[in-house]
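Input: a single structure, listed below in structure tokens.
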Amino acid sequence: MAKSRRQFMASLGALGAAAMLRGQARGQAEGRNPAAQNPADLPPGAPPAFGAGPAVGPEVSATTFSEAEKLVQFEMTAAERAVAAASWPKTMAAVYERRTGPRKVLLETTVAPATRWNPVLPGQKSGPERDRFVRSKVESVPLPVRDEDIAFAPVTWLSRWIETRKLTSERLTNIYLKRLEQFDPKLHCVITLTRELALKQAKRADEEIAAGKYRGPLHGIPWGGKDLLDTAGIPTTYGAEPFRNRVPSEDAAVVKRLHEAGAVLVAKLSLGALALNDIWFGGQTMNPWLLEEASSGSSAGPGAATAAGLVGFSIGSETGGSIISPSMRCGITGLRPTYGRVARTGAMTLCWSLDKLGAMTRSVEDAMLVLHAISGPDAGDVASVPSRLDFDAGASVAGLRVGYFPKWMNENPATAVDRAAVDVVKKVGMVPVEVSIPDWPYDSLNLILFAEGAAAFEELTLSGGLNQLKAQVPDAWPNIFRQARFLSAVDFVQADRLRRKVAEEMAKLFSHVDLLLVPSVRDEMLTITNFTGHPALVLRAGFVEVAKARSDWAPDPAHPLPTFAPPRRVPHGVTLIGRLFEEGPMVNAGIALENAFGVVGERPPGF
């Protein structure tokens, strides 16, 4: 291990030198002397100079730089390589002392970067000016006789039955606990069943409601949490082998808020290891609608469990598509809130400037009921901000301008369901508007994701702990985190600047429209809106047929995906994008579309 670490450090150092050599040359021109004597020998008042400290770190050669140039795509002359190699131990290597010693500094997992992403640009409005929350006035719906019909009911119905004491939380909790045990062998969506806690919370909820202490629409409603949310005294594993025995001492902020709302935690649900895709240490989480294909990730367990009627609702997280993709594939609603609206304290960090927590439900209004309960800042999350939530379930959507991209609607991954949705927009009284964005290399923004993720799991990478993860393919985190050690810091800054430029383009777009309607897994929009922080809502819009199983993973000829003849029928969703901190109009539009699509009630066969 020691030998490989030295080789690793030598290669890493070479990359930094190639990126910063020009700055060193400028320092020489300005009178700095990289070969200056020991600072102790300098006269009083002499300023420090780059390259004047003791030599540290590995020796590198011109050949080291020659090879490193291939990675950073920056070519030097032979003379420049010679200067870089000779001066590296004094000029650059010391910047790694923080982790290589001798004065090594531990960066606790709770320490966020000093800089943070603010999705609201200077001069831009940051959401609604008032707080308002008005849920729908649901007409009296008879309580079904069969447990499975109760299990699939939306939270809007479940909460009214519990509030009026037609249904007890204890009965509902036992229904879901039984279904979780019955169907998990098919879906592999449960990491930890929290039976004891759930029954205790359900009993308390029934007692409080009987005593007239009703806490709100989530009181007594069983839910499942993606297993990256800390739960006091209950394992929180991140879906990854190195953390499978991790037991936190405190609840995450979102968990605390749901406890305060009276919700009942029945299960910690699966996620792809360290929040990537759908493979975790217990297997691969499967899609209830098509058991031969995985549920997508990384909120794989929340997607599968919600779709199969195993929980009332669930909490997922998204960094680059982890709520949108499994919600679309499993045929449920996913609400990714504006970056900063929901505090992430006590949730696993993958990427400080991208991570978001949101609701996964079986209907659109359900998602807003959950968002209302979990919104708000927390001191443990420096990116969380106070924000107003203005929502009236009965508000009109007439006249809302909905932008769509004509070119995208005629290309994969768009389907006939996506194209038909544009007509439904018009049918419900909203106005479709053709829009476009510049043809830029949006995927280059992922440098930020890769670098932040590698930083978040630096110790796991350097210690070799990544080797324990089940997925070791090229597109899994182990390889990407190792590769990220060789990314250029200069390119990181340039990607950050491109991020602001993209945010400015989105601001221009939203000056002409109120919402966007996009194909759910269109790569550009998944990337753009996650990096700009805009809220998103995916909802079932219809059904399509697939002749081959879909996957989050890069194609592997050695492991071909199942094919189907005849093709299989599966749900398909569309996605709405809203203005920053304006989830209200986005959800109102979603409710109108959901009613017009008329497909939300169909269930996966066999569940």
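When a residue number appears, it is its place in the shown sequence, counting from 1.
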Inset, instruction - Return yes if some donor-acceptor pair links the side-chain N/O of S299 with the main-chain N/O of S322 below 3.5 Å, else return no. - result: yes
Inset, instruction - Report the relative orientation of the aromatic rings in F313 and W223; use parallel for angles under 30°, tilted for 30 to 60°, perpendicular for over 60°. - result: parallel
Legend entry - Which atom of V120 lies closest to which atom of S126, heavy atoms considered: CG2-CB, 3.8 Å
Legend entry - Cation-aromatic face contact R329/W289, 6.0 Å, 45 degrees: no
Legend entry - Interatomic distance, L462 atom CG to R482 atom CZ [nearest 0.5 angstrom]: 11.0 Å
Inset, instruction - Please report the shortest heavy-atom distance between E241 and Q468, naming the atom on each side. - result: CD-O, 3.1 Å
Inset, instruction - Identify the two heavy atoms, one from P337 and one from K356, that lie closest to each other, and give their separation to 0.1 Å. - result: O-CD, 3.6 Å
Legend entry - D251 and K256 ion-paired at < 4.0 Å: no
Inset, instruction - Evaluate whether atom CZ of R500 has more than 12 neighbouring non-hydrogen atoms of other residues, nucleotides or ligands under 6.0 angstrom away. - result: no
Inset, instruction - Looking only at non-hydrogen atoms, find the nearest pair between P119 and G533 and report the distance. - result: CB-CA, 4.4 Å
Inset, instruction - Can you see which heavy atom on K268 is nearest to which on P235, and at what distance? - result: NZ-O, 3.3 Å
Legend entry - E411 and R522 ion-paired at < 4.0 Å: yes
Legend entry - Under 3.5 Å: donor-acceptor pair, side chain of T349, backbone of C351: no
Legend entry - Residues E69 and R81 bridged, charged N to O under 4.0 Å: yes
Legend entry - Under 3.5 Å donor-acceptor, D378 side chain and A343 backbone: no
Inset, instruction - Could you check whether the rings of F481 and F457 sit parallel, tilted or perpendicular, using 30° and 60° as the cut-offs? - result: parallel
Inset, instruction - I would like to know whether E452 and S353 meet side-chain hydrogen bond (donor to acceptor under 3.5 Å, both in side chains); could you show each step before the answer? - result: CA-CA 8 Å; E452 288 198 34; S353 70; 2.7 Å; yes
Inset, instruction - Using the side-chain contact (heavy atoms from CB on, under 4.5 Å) rule, take L265 and T231 through it: C-alpha gap first, then chi angles, then the decisive distance, then the call. - result: CA-CA 10 Å; L265 178 63; T231 42; 3.8 Å; yes
Inset, instruction - Please confirm whether the backbone N or O of K70 pairs with a side-chain atom of Q73, one donor and one acceptor, at under 3.5 Å? - result: no
Inset, instruction - Look only at the side chain of S87 and the backbone of V83, and say whether a donor-acceptor pair between them is shorter than 3.5 Å. - result: yes
Legend entry - Donor-acceptor contact below 3.5 Å, side chain E250 vs main chain A232: no
Inset, instruction - First locate atom CD1 of I315, then atom CG of D227, and finally report the distance between them rounded to the nearest 0.5 Å. - result: 14.0 Å
Inset, instruction - Could you tell me which non-hydrogen atom of A507 sits nearest to which non-hydrogen atom of Q124, and how far apart they are? - result: CB-NE2, 3.7 Å
Legend entry - Spatial distance of atom CG (L580) from atom CG (N118) [nearest 0.5 Å]: 9.0 Å
Legend entry - Side-chain donor or acceptor of N530 paired with backbone N/O of L526 under 3.5 Å: yes
Inset, instruction - Rounded to the nearest 0.5 Å, what's the gap from CD1 on I577 to CE on M506? Could you check? - result: 7.0 Å
Inset, instruction - To the nearest 0.5 Å, tell me how far T91 OG1 sits from F50 CZ. - result: 9.5 Å
Inset, instruction - Could you tell me the separation between the CZ atom of F531 and the CG atom of N446, rounded to the nearest 0.5 Å? - result: 5.0 Å
Legend entry - Aromatic ring pairing Y442/W440, orientation class (parallel under 30°, perpendicular over 60°, tilted between): tilted
Inset, instruction - Give a yes or no on whether a salt bridge exists between R336 and E318, defined as a side-chain N under 4.0 angstrom from a carboxylate O. - result: yes
